[in-house]
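Whatever order the structure lists them in is the order used to number ligands and atoms, beginning at 1. Fair warning: this is a prediction, and the values are worked out from it, not measured in the lab.
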Amino acid sequence: MLIEAPRGTQDILPGVSANWQYIEQTMRDICRLYGYKEIRTPVFEHTELFLRGIGETTDIVSKEMYTFTDRKERSLTLRPENTAAVVRSYLENKMYAESLLTKLFYIGPMFRYDRPQAGRYRQFHQFGIEALGAKGPSIDAEVIILAVQLLERLGLTDLNLYVNSVGCPECRPVYREKLQEYLKGKTEELCSDCQSRFDRNPMRILDCKNPQCGEASQGAPHIVDCLCDECSNHFEQLKILLQAANINFTLNPRLVRGLDYYTKTAFEIQYAPLGAQSAVCGGGRYDGLVEECGGQPTASIGLAVGMERILLALEKQNLLPAANNQIDVFVAPMGKETQGMAFKLLCDLRKNGIIADMDFMDRNIKGQMKQANKYPARFVAIIGEDEAAQGKVMLKNMESGIQELVDSSEVQNKL
Ligand code: ATP
Ligand code: MG
């Protein structure tokens, strides 16, 4: 019996790994432009970190975590997202002592017990950035603009950026009460998840994917109408900065996070053709999280991009670069006697940075030419017995068909 990959996981096969490298490189290039440096944290952390850093009332913690105990009975969890881990590392490594503002990015696998479907997996990958230490709206604008520029550079169109403000621990409780007041008579209409959210985390009812909950909360008050002066000014400034940068956005009062340490700016970028998995990027401010994790109050903001969804969008828009398997030269010995010389030539070429290959399957010359065409190879270095005796090879330009007898030490210069 063959063993299959676990449900919700995918192999990234050689035919598509170049696509991954392409988007990862674009992400790295953008981060270099904006001054975000890479951080790599472990794929598992103490479960406690996510309980505190994501919140027990969230879907992620309440039903999506891969939690296990190790041999010493410690509870560990495969990271479902990376912000909490970055904050943990920021504090543990005292990065705050190095500079007032710390700008980091990460790329890597995340794990959630989600219901697998197109664009939703149990092991998936995120690119994310975190800016820790700055409280003004210009860093919010920078983070959003970075995401927009990334998606633009990949060539994606038809994306929608939604922004909202979720207030702060000063003004949110007032809104929360207003919202509960509004929903009080409608709890019967809510899905069972939202019924339990009503007390614990009512704001999450607003972004429930269940249409009946959307209907029930249709006329609910908007948090932007309840913001305190500070949050309201912050939001106004952000909108001005985005407009000045020519960024198109739509206000979406239903975009929420709903936990105390998520503050002010919340945003999401959607690509509608991905249906229920339309969110390609989500982010926001988390001014209370560093303190929640045991540090000094540190205003921060970040985002995460779902890489599989980016690839789906690129595929839909036909934007993936064509595969490039071309090699510089294929070395083709004719007969056993010339194999040693062929192998030495292959090694020398590679040592000098020439992309070269040869047959390892004892194919005859016809089979080898076929293989060379398949790559395709720009040149084939044919080594027959006569040529070998003189230390020469027949170098064939595969495009023009022209052949030339050259010294084997000269092959590299001829390419
Ligand atoms: P969704 O509402 O689609 O479940 P989310 O709110 O759980 O998304 P975030 O926690 O904000 O997502 O994660 C940021 C991004 O990571 C999402 O916008 C999405 O692109 C991607 N993402 C989240 N969960 C998955 C998953 N299970 N499989 C693939 N990508 C995912
Ligand atoms: Mg989710």
Side-chain angles (χ1 to χ4, degrees), residues 5-10 12 20 23 27 50 53-55 57-66 77-86 105-130 143-144 146-148 150-151 154 156 159-164 166 191 193-194 197 201 203-211 213-214 252 254-259 261-262 265-286 289 301-316:
R7 188 164 139 78
T9 67
Q10 308 189 91
I12 295 170
W20 284 82
I23 63 168
M27 289 158 177
F50 300 119
I54 303 175
T57 62
T58 58
D59 285 356
I60 293 182
V61 169
S62 63
K63 48 189 191 197
E64 295 175 358
M65 292 213 301
Y66 276 95
T77 295
L78 298 181
R79 61 182 186 191
E81 55 101 62
N82 212 26
T83 302
V86 169
F105 82 88
Y106 59 83
I107 293 176
M110 308 294 156
F111 307 85
R112 294 185 194 176
Y113 197 84
D114 243 325
R115 197 166 69 76
Q117 49 202 296
R120 192 176 295 286
Y121 313 95
R122 291 183 173 172
Q123 174 171 341
F124 63 101
H125 298 77
Q126 285 183 340
F127 156 74
I129 66 171
E130 313 290 351
V143 165
I144 293 172
L146 182 152
V148 171
L150 167 69
L151 301 170
L154 291 168
L156 289 168
L159 299 166
N160 291 305
L161 165 65
Y162 297 99
V163 298
N164 194 24
V166 296
C191 72
D193 276 349
C194 281
R197 283 174 184 142
N201 195 350
M203 283 172 67
R204 285 309 298 250
I205 295 171
L206 294 175
D207 79 342
C208 179
K209 290 190 177 72
N210 226 312
C213 303
N252 180 358
R254 306 181 75 89
L255 191 63
V256 292
R257 303 265 145 182
L259 290 169
Y261 34 78
Y262 289 116
T265 310
F267 65 95
E268 193 163 274
I269 300 176
Q270 292 192 6
Y271 178 56
L274 297 184
Q277 280 69 250
S278 62
V280 296
C281 170
R285 212 166 238 295
Y286 50 91
L289 181 58
I301 180 163
L303 63 75
V305 169
M307 296 176 62
E308 283 82 358
R309 294 187 192 177
I310 294 294
L311 283 165
L312 286 171
L314 288 170
E315 216 166 89
K316 269 198 194 294

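Among all heavy-atom pairs drawn from Met203 and Val166, the shortest one is CE-CB, 4.3 Å.
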Problem - side chain to side chain contact (heavy atoms under 4.5 Å, CB included) between Asp207 and Leu255, intermediate numbers included - result: CA-CA 6 Å; Asp207 79 342; Leu255 191 63; 5.8 Å; no
Practice task
Give the intermediate values and the outcome of salt bridge (Lys or Arg N to Asp or Glu O under 4.0 Å) for residues Lys209 and Asp59.
Solution key: CA-CA 12 Å; Lys209 290 190 177 72; Asp59 285 356; over 6 Å; no
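For the pair Glu308 and ligand 1, the shortest N or O to N or O distance does not fall below 3.5 Å. Between Gln277 and ligand 1, no N or O atom pair is found at a separation short of 3.5 Å.
Side-chain contact check for Phe124 versus Asp114: every heavy-atom pair is 4.5 Å or farther apart. The shortest side-chain heavy-atom distance between Ile60 and Phe50 does not fall under the 4.5 Å cut-off. Under the 4.5 Å side-chain criterion, counting only non-hydrogen atoms from C-beta, Asn82 is in contact with Met110.
Ranking the protein heavy atoms by distance from atom 11 (O) of ligand 1 puts Arg257 NH1, 4.0 Å first. The nearest protein atom to atom 28 (N) of ligand 1, hydrogens excluded, is given as Tyr121 N, 3.0 Å; this is a heavy-atom distance. Among protein heavy atoms, the minimum distance from atom 15 (C) of ligand 1 is reached at Gln126 NE2, 3.6 Å. Among all non-hydrogen protein atoms, the one lying nearest atom 4 (O) of ligand 1 is Arg120 NH1, 2.8 Å. Atom 8 (O) of ligand 1 has as its closest protein heavy atom Arg309 NH1, 4.4 Å. Nearest protein heavy-atom contact of atom 7 (O) of ligand 1 is Arg112 NH1, 2.9 Å.
The shortest heavy-atom distance from His125 to ligand 1 is not under 4.0 Å.
More than 12 heavy atoms of other residues, nucleotides or ligands sit less than 6.0 Å from atom OH of Tyr162.
Counting only heavy atoms, the protein gets under 4.0 Å from atom 2 (O) of ligand 1.
Using a 4.0 Å cut-off to heavy atoms of Ala304, the atoms of ligand 1 that qualify are 14 (C), 15 (C). Every atom of ligand 1 is numbered from 1 in the order shown, and the set under 4.0 Å from a heavy atom of Ala279 is 17 (C), 18 (O), 19 (C), 20 (O). Per-residue contacts place Val280 under 4.0 angstrom from the following atoms of ligand 1 (heavy atoms of the residue considered): 18 (O), 20 (O).
Taking only non-hydrogen atoms, the option from Phe124, Phe111, Tyr113 nearest to atom 30 (N) of ligand 1 is Phe124. Taking each of Ala118, Gly306, Gly119 in turn, the one with a heavy atom nearest to atom 29 (C) of ligand 1 proves to be Gly119.
In this structure, Arg79 contributes its side chain and Pro109 its backbone to a donor-acceptor pair below 3.5 Å. Side-chain atoms of Arg309 come within 3.5 Å of backbone atoms of Ala279 as a donor-acceptor pair (strictly under, hydrogens ignored).
In this pair, Trp20 and His125 present their aromatic rings perpendicular. The plane angle is above 60°, beyond the 30 to 60° band.
Contact annotation: for Arg122 versus ligand 1, there are no heavy atoms closer than 4.0 Å.
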